Amino acid sequence: MRIATWNVNSIRARVDRVTDWLERADVDVLAMQETKCSDDQFPTMPFVALGYDVVHCGFNQWNGVAIASRVGIDDVHVGFDGQPTWSDSAEARALGATCNGVRVWSLYVPNGRTVDDPHYTYKLEWLAALRDTARGWLTADPKAQIALVGDWNIAPTDEDVWSVEFYKDSTHVTPPERAAFSAIVDAQFADVVRPFTPGPAVYTYWDYTQLAFPKGRGMRIDFILGSPALAQRVTHAEIVREERKGKAPSDHAPVVVELS
DNA sequence: ATGCCGTACCGTGTACGA
């Protein structure tokens, strides 16, 4: 079984690239982020034509998360318990579904914008709430197979950015953000991709501007975190840099994990 | 070749991204 996550940066602009990749990638479950559309706008048909069922959570042109699966989608949940709101509104940043026995959460962690912005505080609260809720899932069932996948908008170590100097005053690298990420790892959700994609200079995101991709100026911010029972099954993982190349790519690459 | 910012919105600019 192969599970992937991909920040697609608009599914309507990217549906051909995404489905073209699915045809080649032998992926059973694809979690998507930043679909940038409402539920009624999501292009479901191209996925159905390839044998995938799709669930989507999108309220407007911002955010948006989806899961496509060819191995079933059950117990769909929009948002996680205790998920913080932004300006008193729920945002489309978390979608959970059980696919062939694995609880998959497609997550789009708030960006934070700048360190002095209310959005940064929201980001930290969002991550703390996710940690608490996810920890509860494992307390209830220590053998649960859970995959927390998506765009975490955090570079956990200095090795995960092309230049520490470039990002020194930015979000994504601050100690509180890194602590929030570590807290989720400490809650027994391990980065199951890193052992198969060692650094340095291994990234999942490259800015569109200033030739960042060909110059190797990226960040590692997209992760697949697995519960102990899930991590035990991982046999391989990869970051598909090829999908950042060519015409009209997303600024993120897909990340794939293979389970026994 | 990895290639010079993108996407969405009732829009002729602004918000958001990281």
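Predicted model only: the values in this text are computed from it and were never measured. Naming: A, B, ... by sequence-line order, numbering from 1 per chain.
Heavy atoms of A:Arg217 sit nowhere under 4.0 angstrom from any nucleic acid atom. The residue A:Tyr167 sits apart from the nucleic acid: no heavy atom pair falls under 4.0 Å. Using a 4.0 Å heavy-atom criterion, one finds that A:Gly216 contacts no nucleic acid atom at all. Here A:Ser10 lies in heavy-atom contact (under 4.0 Å) with sugar-phosphate atoms only. A:Glu34 comes within contact range of the sugar-phosphate backbone alone, with a heavy-atom separation under 4.0 Å but no base atom that close.
The A:Arg93 side chain lies nearest to B:dG17 when the options are B:dC9, B:dG17, B:dA18. For A:Tyr208, taking side-chain heavy atoms from C-beta onward, the closest of the listed nucleotides B:dT2, B:dA18, B:dG6 is B:dG6. Minimum atom distance to the side chain of A:Pro214 is reached by B:dT2, of the listed B:dA8, B:dA18, B:dT2. Closest to the side chain of A:Thr209, from the set B:dC5, B:dT2, B:dA18, is B:dC5.
Under the rule for a side chain to side chain contact (heavy atoms under 4.5 Å, CB included), the partners of A:Pro176 that lie at least two apart in sequence or sit in another chain are A:Tyr120, A:Leu124, A:Thr174. Residues satisfying the side chain to side chain contact (heavy atoms under 4.5 Å, CB included) test with A:Arg217, not counting sequence neighbours, are A:Trp162, A:Ala212, A:Lys215. In this structure, the side chain to side chain contact (heavy atoms under 4.5 Å, CB included) partners of A:Ala94, at least two apart in sequence or on a different chain, are A:Phe80, A:Gln83, A:Trp105, A:Leu107, A:Trp126. Residues passing the side chain to side chain contact (heavy atoms under 4.5 Å, CB included) test with A:Glu165 are A:Ser163, A:Lys168, sequence neighbours excluded.
Annotation: B:dT2 and B:dC16 have their P atoms spaced 35 Å apart (nearest Å). Rounded to a whole angstrom, the distance from the P atom of B:dG3 to that of B:dG17 is 25 Å. Nucleotides B:dT12 and B:dA1 have their C1' atoms positioned 38 Å apart, rounded to a whole Å. A distance of about 15 Å separates the C1' atoms of B:dC10 and B:dA15, rounded to the whole Å.
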Can you give me the N/O atom pairs linking the protein to nucleotides 10-15 of chain B at distances under 3.5 Å, or say none if there are none?
none

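One interatomic measurement links the two molecules: CG of A:Asp151 to P of B:dC16, which rounds to 17 Å at whole-angstrom precision. Counting to the nearest Å, the C1' atom of B:dG17 and the CG atom of A:Asp117 are 13 Å from each other. For the pair A:Asp207 CG and B:dC16 P, the computed distance is 17 Å after rounding to whole Å. Distance CZ (A:Phe223) to P (B:dA18): 13 Å, rounded to an integer number of Å.
Checked against A:Gln145 for a side chain to side chain donor-acceptor pair (under 3.5 Å), the options A:Arg233, A:Gln232, A:Arg103 give a single hit: A:Arg233.
For B:dC9, the OP1/OP2 oxygens have a side-chain nitrogen or oxygen of A:Gln41 closer than 4.0 Å. In this model, the phosphate group of B:dG6 is not approached by any side-chain N or O of A:Asn9 to a distance below 4.0 Å at OP1 or OP2.
More than 12 heavy atoms of other residues, nucleotides or ligands sit less than 6.0 Å from atom NE2 of A:His119.
Salt bridge A:Arg135/A:Asp186: absent, no basic N to carboxylate O contact under 4.0 Å. Electrostatic pairing of A:Arg70 and A:Asp28 counts as a salt bridge here, judged by a charged N lying under 4.0 Å from a carboxylate O. Residues A:Arg24 and A:Glu243 are paired through a salt bridge, judged by an N-O separation under 4.0 Å between the basic side chain and the carboxylate.
Aromatic pair A:Phe42/A:Phe47: ring centres closer than 6.0 Å.
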So what's the dot-bracket for DNA chain B: Watson-Crick or G-U pairs under 3.5 Å, [ ] if a pair crosses, | if it pairs off-strand?
....(((((...))))).
